[in-house]
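Okay, structure first, notes after.
As a basis for the values below, the full set of heavy atoms in this structure was taken, side chains included, without hydrogen atoms, waters or symmetry mates.
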Amino acid sequence: MPSLTALTGTATAAFSAAVLVAPAALLRPSGLDDDRSTRALVRMVCARDVVLGVALATAPAGPLRRRAVAGRVASDLTDAAALAVGLAGQRRRGLVSASAAVWGLVCLTAGVLDERAGR
């Protein structure tokens, strides 16, 4: 059975690749404007997240996996904070910011559980 970290990495990479191709899939439910600049921003973040997802999915147990998890968690928590500030006053600010934080916390939990299980 693959590690939980590999599973969350695969999910991260797949979700991010889908949104990279079709940014409206994230923009519409988030309540963000679907224009050239927001599509570019979403694609930039998703490209990074595809790379981080692949790193999570393929990193062997030990220091490399811990670094991949740390990179993913740091990116997501930074995204959550930036979105909370940048979307101040917008209706779906909390939802958008929380979704970024949740991805990071899911990846962190997977990494911790894998470490504890010796996977």
Do the non-hydrogen side-chain atoms of Arg48 and Asp79 ever get within less than 4.5 Å of each other? yes

With the 4.5 Å side-chain cut-off for hydrophobic clustering, are Leu4 and Leu52 part of the same group? no

Side-chain heavy atoms under 4.5 angstrom apart, residues restricted to Ile, Leu, Val, Met, Phe, Trp, Tyr: same cluster for Val73 and Val112? yes

For the student: nearest non-hydrogen atoms of [X] and [Y], plus distance:
| X | Y | result |
| --- | --- | --- |
| Ser97 | Ala84 | OG-CB, 3.6 Å |
| Asp49 | Ser16 | CB-OG, 3.1 Å |
| Asp34 | Ala24 | OD2-CB, 3.4 Å |
| Arg66 | Glu115 | NH1-OE2, 3.0 Å |
| Pro60 | Arg65 | O-CB, 3.2 Å |

Could you tell me which residues satisfy side-chain contact (heavy atoms from CB on, under 4.5 Å) with Val19, sequence neighbours excluded, listed by chain and number? Phe15, Leu26, Val42, Cys46

Val96: partners by side-chain contact (heavy atoms from CB on, under 4.5 Å), with sequence neighbours left out: Ser30, Leu83, Leu87, Arg92

Keeping [X] on the side-chain end and [Y] on the backbone end, is there a donor-acceptor pair under 3.5 Å?
| X | Y | result |
| --- | --- | --- |
| Asp114 | Ser3 | no |
| Thr109 | Leu105 | yes |
| Thr8 | Thr5 | yes |
| Arg72 | Trp103 | no |

With rounding to the nearest 0.5 Å, note down the distance linking CG in Asp33 to CD in Gln90. 7.0 Å

Roughly how far, to the nearest 0.5 Å, is the CG atom of Leu32 from the OG1 atom of Thr38? 6.5 Å

Mind running salt bridge (Lys or Arg N to Asp or Glu O under 4.0 Å) on Arg39 and Asp35 for me, showing each step along the way? CA-CA 6 Å; Arg39 284 190 303 271; Asp35 59 32; 6.0 Å; no

From Leu7, Val51, Val69, Thr10, residue fulfilling side chain to side chain contact (heavy atoms under 4.5 Å, CB included) relative to Leu56: Val69

